[in-house]
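Right, one structure below, let's go through it.
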Amino acid sequence: MPRAILNVVQLRSIDASTVESFLQGLAKERQVRFTAQELCSFTNNYSKVLGSGGFGIVYEGEFPDAVKIAVKVLKRSTLDERAKTQFMAEVSTIGRTNHINLVRLYGFCYDRLMISLVYEYMENGSLDRYLFSDDPQGIDWNKLPQIALGTARVGRRRNARVGSTDSLDWFPKFVWDEYEKDKLATMTLSHGIEENDREKVQRMAMVALWCVQDSPEARPPMSSVVKMLEGGVEIMPPPKPFHYLFSIGGNVPNPRTCNTIDNSIGYGSNSYKEPTTPIMSKYEIEIASLL
Ligand SMILES: Nc1ncnc2c1ncn2[C@@H]1O[C@H](COP(=O)(O)OP(=O)(O)OP(=O)(O)O)[C@@H](O)[C@H]1O
């Protein structure tokens, strides 16, 4: 039978209800705004808690087509400017991000009763569970650089939570102290890191010290972080971070006079000035590359 006729026969065998349900499925896929009632039904009245974070509680749920979801209900008490900004930043990524290393945001609810974010469900929970676990079966030193690299690849901007100290935890300061004393190698040794992983660990520590510079301007863009983590470029010695910790009132290093990592890894000052909207310039997450 000629191919064209075969196609017609095959098309005819698909009945109208199949097409209708296919179209309804598509329409559903595009729904990004949900009502509080819909979320209540998807989560079976918020019956299963997956965990909680700084902004609220995360519940397990399921769309009517059985796709599993995680619904983060933002706490009313934390709905200050910071939470609202985070909400808008997250919502602004809908439809713009599709990356293997990013949890997909399916949609949101924003109404009188609640503000929530609806995410793709992660079967294995969150990364921090593995990063901070003492389980020897956890992540090894081969996997960790891959995770760091994957994370760096999805971002374009610098690590720029200016003024935020919640993630410093003083381990970075300890790492700096060791680095300054030229004792990074000893530090890796004392932490039981095996010989063949030490170079990787030291490289990651150097990149991390660049990423936690006081001044956002002094931090490398993610494209450079990727190159440094990949090992294709020499990592210049990072300037001293956390100046405010070392000397109250001390001078924050001037990024323009800091050690010019720019030249060594080939990014110029132009990349700092891309035109974006204010919300994007602060929060944009872009597909830097697909693995
Ligand atoms: N998409 C998801 N799939 C499965 N579990 C999730 C998902 N998102 C969050 N969780 C679970 O809920 C917990 C809390 O997540 P949440 O994002 O609120 O915390 P967080 O990472 O501390 O973030 P925040 O910076 O908002 O406080 C996670 O540790 C994880 O166990």
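Counting convention: from 1, in listed order, for ligands and their atoms alike.
Within the 3.5 Å criterion, the main-chain N or O of Q213 finds a donor-acceptor partner in the side chain of R219. Proximity of a side-chain donor or acceptor of R33 to a complementary backbone N or O of F108 within less than 3.5 Å is not detected.
Residue contacts with ligand 1, taken as heavy atom pairs separated by less than 4.0 Å, involve L50 via backbone and side-chain atoms alike. With a 4.0 Å heavy-atom cut-off, ligand 1 is reached by the side chain of K72 but not by its N, CA, C or O.
Legend: residues meeting salt bridge (charged side-chain N to carboxylate O under 4.0 Å, His left out) with E178, ordered by chain and number and at least two apart, are K181.
Looking at atom 21 (O) of ligand 1, its nearest protein heavy atom turns out to be D128 OD2, 4.6 Å. Looking at atom 29 (O) of ligand 1, its nearest protein heavy atom turns out to be S126 OG, 3.2 Å. Scanning all protein heavy atoms for the shortest distance to atom 27 (O) of ligand 1 gives G54 N, 2.4 Å. Of the protein's heavy atoms, V58 CG1, 3.7 Å lies nearest to atom 9 (C) of ligand 1. Counting protein heavy atoms only, atom 19 (O) of ligand 1 is closest to G53 CA, 3.4 Å.
For the atom pair M206 CE and E234 CD, the distance stands at 8.5 Å (nearest 0.5 Å). Separating the CD1 atom in I69 from the CG atom in L117 is a distance of 11.5 Å, to the nearest 0.5 Å.
Within the set M122, R104, E123, the minimum heavy-atom distance to atom 4 (C) of ligand 1 is found for M122.
Listed by number with element, the atoms of ligand 1 under 4.0 Å from a non-hydrogen atom of A70 are 1 (N), 2 (C), 3 (N), 7 (C). Taking every heavy atom of G51 and a limit of under 4.0 angstrom, the matching atoms of ligand 1 come to 12 (O), 13 (C), 14 (C).
Considering backbone and side-chain N/O atoms, S52 never comes within less than 3.5 Å of an N/O atom of ligand 1. For ligand 1, the polar-atom distance check against Y119 finds no nitrogen or oxygen pair separated by under 3.5 Å.
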Applying side-chain contact (heavy atoms from CB on, under 4.5 Å), run through M114 and C109 and close with a yes or a no.
CA-CA 7 Å; M114 67 148 68; C109 168; 3.7 Å; yes
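Between E194 and R198 there is no salt bridge, since no side-chain nitrogen of the basic residue lies less than 4.0 Å from a carboxylate oxygen of the acidic one.
Less than 4.0 angstrom separates atom 1 (N) of ligand 1 from at least one non-hydrogen atom of the protein.
By the neighbour-count criterion of 12 heavy atoms within 6.0 Å, atom CG of D182 is sparsely surrounded, having that number or fewer from other residues, nucleotides or ligands.
Checked against a 6.0 Å centroid threshold, the rings of Y106 and Y121 do not count as neighbours.
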